[in-house]
Amino acid sequence: MEQNDNGSPRQEQFTYRATRQAGEAGRRFAHLWRTSWQKPWVRRGVLALGALVVALGAFWIIFARDLPDGAALADYEPALPSVVRDVNGEPIYSYARERRVQLQYDDYPPLLIRAYLAAEDKTFFSHHGVDITGLAGAVFDYVSKIGSGARAKGGSTITQQVAKNLLTGDAYSPTRKIREMIVAYRMESAMTKQQILELYLNQIFLGRNAYGVQAASRAYFGKDVGELKLHEIAYLAILPKGPSNYRPESKSGYARAIERRNWALGAMLENGWITKAQHAQAVAQPLGTISQRGALFDRGDVASGGYYMEEVRRRLIDIFGEEEKDGPNSVYAGGLWIRSPYDPRIQKSAADALRAGLLRYDAGHGWSGPVGTIEMDDKWAQRLAGSSISVEYEDWKVAIVLSRSGGAAQIGFANGSTGTLPASAAQMPYRKIGGPAFNGMKPGDLILVKPMGGDNYALRNVPAISGGMVVEAVRTARIHAMQGGFDARLSSYNRATQAQRQPGSTIKPFVYAAALDSGMTPATIIVDGPFCVWQSARLGQKCFRNFGGGGAGAQTMRWGVEQSRNLMTVRAASQTGMDRVVRTIKAMGIGDYQPYLSFALGAGETTVEKMVNAYAALANHGRLMDPKVMDFVQDRHGKVIWPKNWRPCDGCNAADWDGKAMPRFGAEGRQAMDAMTAYQVVHITEGVIQRGTATVLADLKRPLFGKTGTTNGPTNVWFVGGSPDLVAGVYLGFDTPRSMGGYAQGGRIAAPIWKAAMAPILEDMPKTPFVAPPGIRMVRVDRRSGKRVYGAWPTTNDAKPAIIWEAFKPETEPRRTIRKEEVEAQEKAAASRDRSGPATSRDSDFLQREGGIY
C-alpha cells in the first residue's frame, strides 16, 4: 500500500477526510433545518407534504392495492363456451354457463359500433377513460339521492364498464367507482380504443344469458352480427342499461324496448351516423325478436342427439375438468372446439326408430303418470320454464295441470299460454292405480300433450320401457349416433353407455370364437341335447335348456348359431373351457366375467356401446379400437390438445396430387382376436340374417351379419350387427328389469327397430361384401351336415340352400365327403334350380362371377 511522507497509508487519510467532510455537511444541514423550522410556512409545507404522502398511501391501500395493471388485459381471455362440431364440421352444440362468442373488432359492423357509442358513450374516442362531464353529473345525482334509497345514474364510460365487468365487480358504492376509474385510466394507457371496444362488445351482459353482442344476436334474432338490420342493432344497443327492463316477452317490456330503441336511433341520427330515411324506416319496424332458445347452437335436427352430447360432455370433463378453476381448457370456460363423428342424419334415423319402437311396445299398456310435479301458484309459468323438463318429439309439449273439473282439465305452458285437455282425450288407463288417466291428474302435475286443433290437446305418454342404440363405423370405431332413451330432456340417464344389461345370445358369437380358436370349425358337429353340470354340493346340479325347449340332436356349429341354440352353446363352451371363453370376452372389451357356463349364455352385464364396439371389431378382422365420440379437441386458439399423439396430415387437403408419396397411417387399436377367427364368426352370423333368428332383415338384400338376444324373463331383447362399414346395436328393457311378456324376443322387437334405423342409412351405401383375410379357405359343404361337397354348387336364389360356402382356416376343412347317393340326390336338386355354373367350373370361376365371397 502506498504511504505518505509521514509514513501513514493514503487510504486511511482519504477515509478520514471523507468522514470529516460528511460530519461537517450534517452539522450544516441540522443548523439549516433548525433555523428553517422556526418559519411557519416551512412547517406548514412539510406537514402538507407528509399528509399528501400519507393520503396517497392510504388511497393506494384502499382503492388501488389489488388492482391489476391495465396491460394485463391485453392478454385477457374471457370464459368461453365449448362448441361441438359434427361430422361435417358444422357447430351443433355448446356447453356454457354463459352464452358467449368472442369476435375480433373488425368482425363487428361499423353501424353496430356506432349504435353502442350513441347509446352508451358518444365521446368514447376523445376521453381518456373517464368522461369528466358525465362524472360530474353522476356525482351530483348521487349526492342528491343520498338517503332516498334510489340508485344514482352511473355516468360510466365504455372503458369504465369494461373495468367493472372484468375487474372491479358490480358493488354500488363510491369506492367501486373510484377503483373503476383507476383501472379505466390504466386501460386507456395500455390499450388502443379498438382493443377496449372489442373487450366491451365481447363481454357486456345483454340478457337471455348472453354475454357479448354476437351471443345476444343469436339469442334474440337467430343471426350473426353481420346479418343484423338497423332496427335490430339499435335494440341490442339499449340492453346494457338493463336487459330485464326490455324483455320482449312481456307487454310492458316490449313497449319500453320500442321507446328506448327509437331513442337510440334518434341519438344515431343526431350524431350523423344514419340518415333520416334510415331512421324513419327503422323506427317503423317491430322488434322482430325470436323466442328464447336453450343453447348457443340450437338446431332442430340435434334435439334427438342430447344423449350423444351429454356423453361428449362427460368425457371432456374427465379429461379437462368442468370449471375455470380446473384449468385453462375447462369445458365451461376454456372455449374448446370439439370435432365429433356425430352424424345428424344417422342420429335422427336411430332416434326416430328407437322412439317408434318404444311407443309401439308401450301402446295399450296405459299411462305411466306425470313426468314431474311443481308447486302450483300464480308463478307456475316461471316455475315450468325454469324446470329442466321438456320434450323434443314431433309436436308434443310439456304442460302443467292447472285445474280439473267436469269433462276437461285446464293446462298451461311455459310461455304463459293455456289450453284445454278434454277428458275424452285422456282415457288411457292409469297403470299405477287403474281407471282413466284423466281421473288421476291433479294440479301441479306435468304431463305430455299433443295439439289437436284450437286450444284442445290430447294426452300423450312417455313409454315405461326404455332402451339404447349405438351406430359405429367399423374401421375407425367412430360413433355416428347414440340414443340412450326416449328423450334426454326427460331423463339424462344414457342407456347406451350407462345401463348395465345382460346381453343374452348376442354374446354367443364370442363363445364360438373361443371354440374356433380351440380347434373347432363352423362344420363341427355339436349335440343339441340335454346338458347338465355338477356345480357344487351347495348349488347342486345345473341343467340348461333351449329357449323353446327340446333339442335337435347333432348339428353343425353354424346351425346352432343361426338358430341360437343354448344347449349347443354351453356344450361348446364346456368343451372349449370357460376360462378361455371369458378371456376372449374380456379381450373384446365386453366384460370381465367369472368362468361359469351361465356367462356363455349372456348372464353377465355389459352396455350397448361395448357390444357394438366388439361386433365392429369382428367385422374389422378382430382389430379392436376404443369407441370414439370425439375425433380431436382444439383450444380457443385452434391448437389440437387431444388426443396427445394427434398430428396433422400435411398435404391431405391438396387440390391435386403433388407428386409426393401418399400419406400412410399406422393401424389403430390392437389385434384382440385372430383375423381368420373373426371372419369365420362374421361369415357364420351372416346366416342369422339369411335363415336364422333375424330373417326380418333379409329383405334388405345386402351383406349383413348379426345376432339377436333375449334374456331370461324375458327382461331384455337385443340385436347387434351390421355391414362391412357400419355396425349398430339396440336393446329394449325396463330400467328396473322385469318381464317384457312371453312374446318378447330379439328377432320380434329389437331387429325391426334396427331395420327401421339402418335401412335408410344403408340404402345410400354400396353393397360391399365382407372380405376374407389372407389364409381363409372357402369350401363347398352340405349346410346341414357340414360335410364337403363335390359336383354341386351353392345357389343364390334360395334362402336355405342345401350347399353353401363355408370359411375354414388352413388344414381344417372337412376331409370326408358325403356318400355317392347323397351326391346324386344333391345334383338332381341342383339341376332343378338355377345352378350357378357347370359342374366342371372351378371354385375361382364361381367366385369371380359372384363378385366376391359372401
Among Tyr493, Tyr393, Tyr307, find the one that has a ring-ring contact (aromatic ring centres under 6.0 Å, His included) with Phe486.
Tyr393

Got a salt bridge between Asp86 and Arg345, using NZ or NE/NH1/NH2 to carboxylate O under 4.0 Å?
no

List for me each residue that meets side-chain hydrogen bond (donor to acceptor under 3.5 Å, both in side chains) alongside Gln410, sequence neighbours excluded, and say none if there are none.
Thr420

Could you list the residues that satisfy side chain to side chain contact (heavy atoms under 4.5 Å, CB included) with Ala458, not counting sequence neighbours?
Ala425, Met452, Arg460

Side chain to side chain contact (heavy atoms under 4.5 Å, CB included) involving Ala234 - partner list, sequence neighbours excluded
Arg261, Leu265

The side-chain hydrogen bond (donor to acceptor under 3.5 Å, both in side chains) partners of Arg315 (sequence neighbours excluded) come to Glu311, Glu609

Results of side chain to side chain contact (heavy atoms under 4.5 Å, CB included) for Ile374 - residues two or more places apart only
Arg383, Leu384, Ile400, Leu446

Using the ring of each side chain (for Trp, its six-membered ring), is Phe734 parallel, tilted or perpendicular to Tyr361, with breaks at 30° and 60°?
perpendicular

Taken in chain and number order and not counting sequence neighbours, the residues that satisfy ring pair (Phe, Tyr, Trp, His ring centres under 6.0 Å) with Tyr332 are none

Residue list, salt bridge (charged side-chain N to carboxylate O under 4.0 Å, His left out) with Asp326, at least two apart or on another chain:
none

Mind checking what makes ring pair (Phe, Tyr, Trp, His ring centres under 6.0 Å) contact with Tyr95, not counting sequence neighbours?
Tyr93

Across all chains, not counting sequence neighbours, the ring pair (Phe, Tyr, Trp, His ring centres under 6.0 Å) partners of Trp380 are none

How about Gln203 and Arg100: does a side-chain donor come under 3.5 Å of a side-chain acceptor?
yes

Does anything in residues 231-258 pair up under side-chain hydrogen bond (donor to acceptor under 3.5 Å, both in side chains), and if so which pairs, sequence neighbours excluded?
Glu120-Lys241, Arg208-Glu249, Lys223-Glu232

Does NZ or CZ of Lys397 lie under 6.0 Å from the centre of the six-membered ring of Tyr457, at an angle within 45° of the ring axis?
no

Under 3.5 Å, is there a donor-acceptor pair linking the side chains of Asp343 and Tyr308?
no

All ring pair (Phe, Tyr, Trp, His ring centres under 6.0 Å) counterparts of Tyr200, not counting sequence neighbours
none

Partners meeting side chain to side chain contact (heavy atoms under 4.5 Å, CB included) with Pro429 (sequence neighbours left out)
none

When you look at NZ of Lys450, are more than 12 heavy atoms from neighbouring residues, nucleotides or ligands closer to it than 6.0 Å?
yes

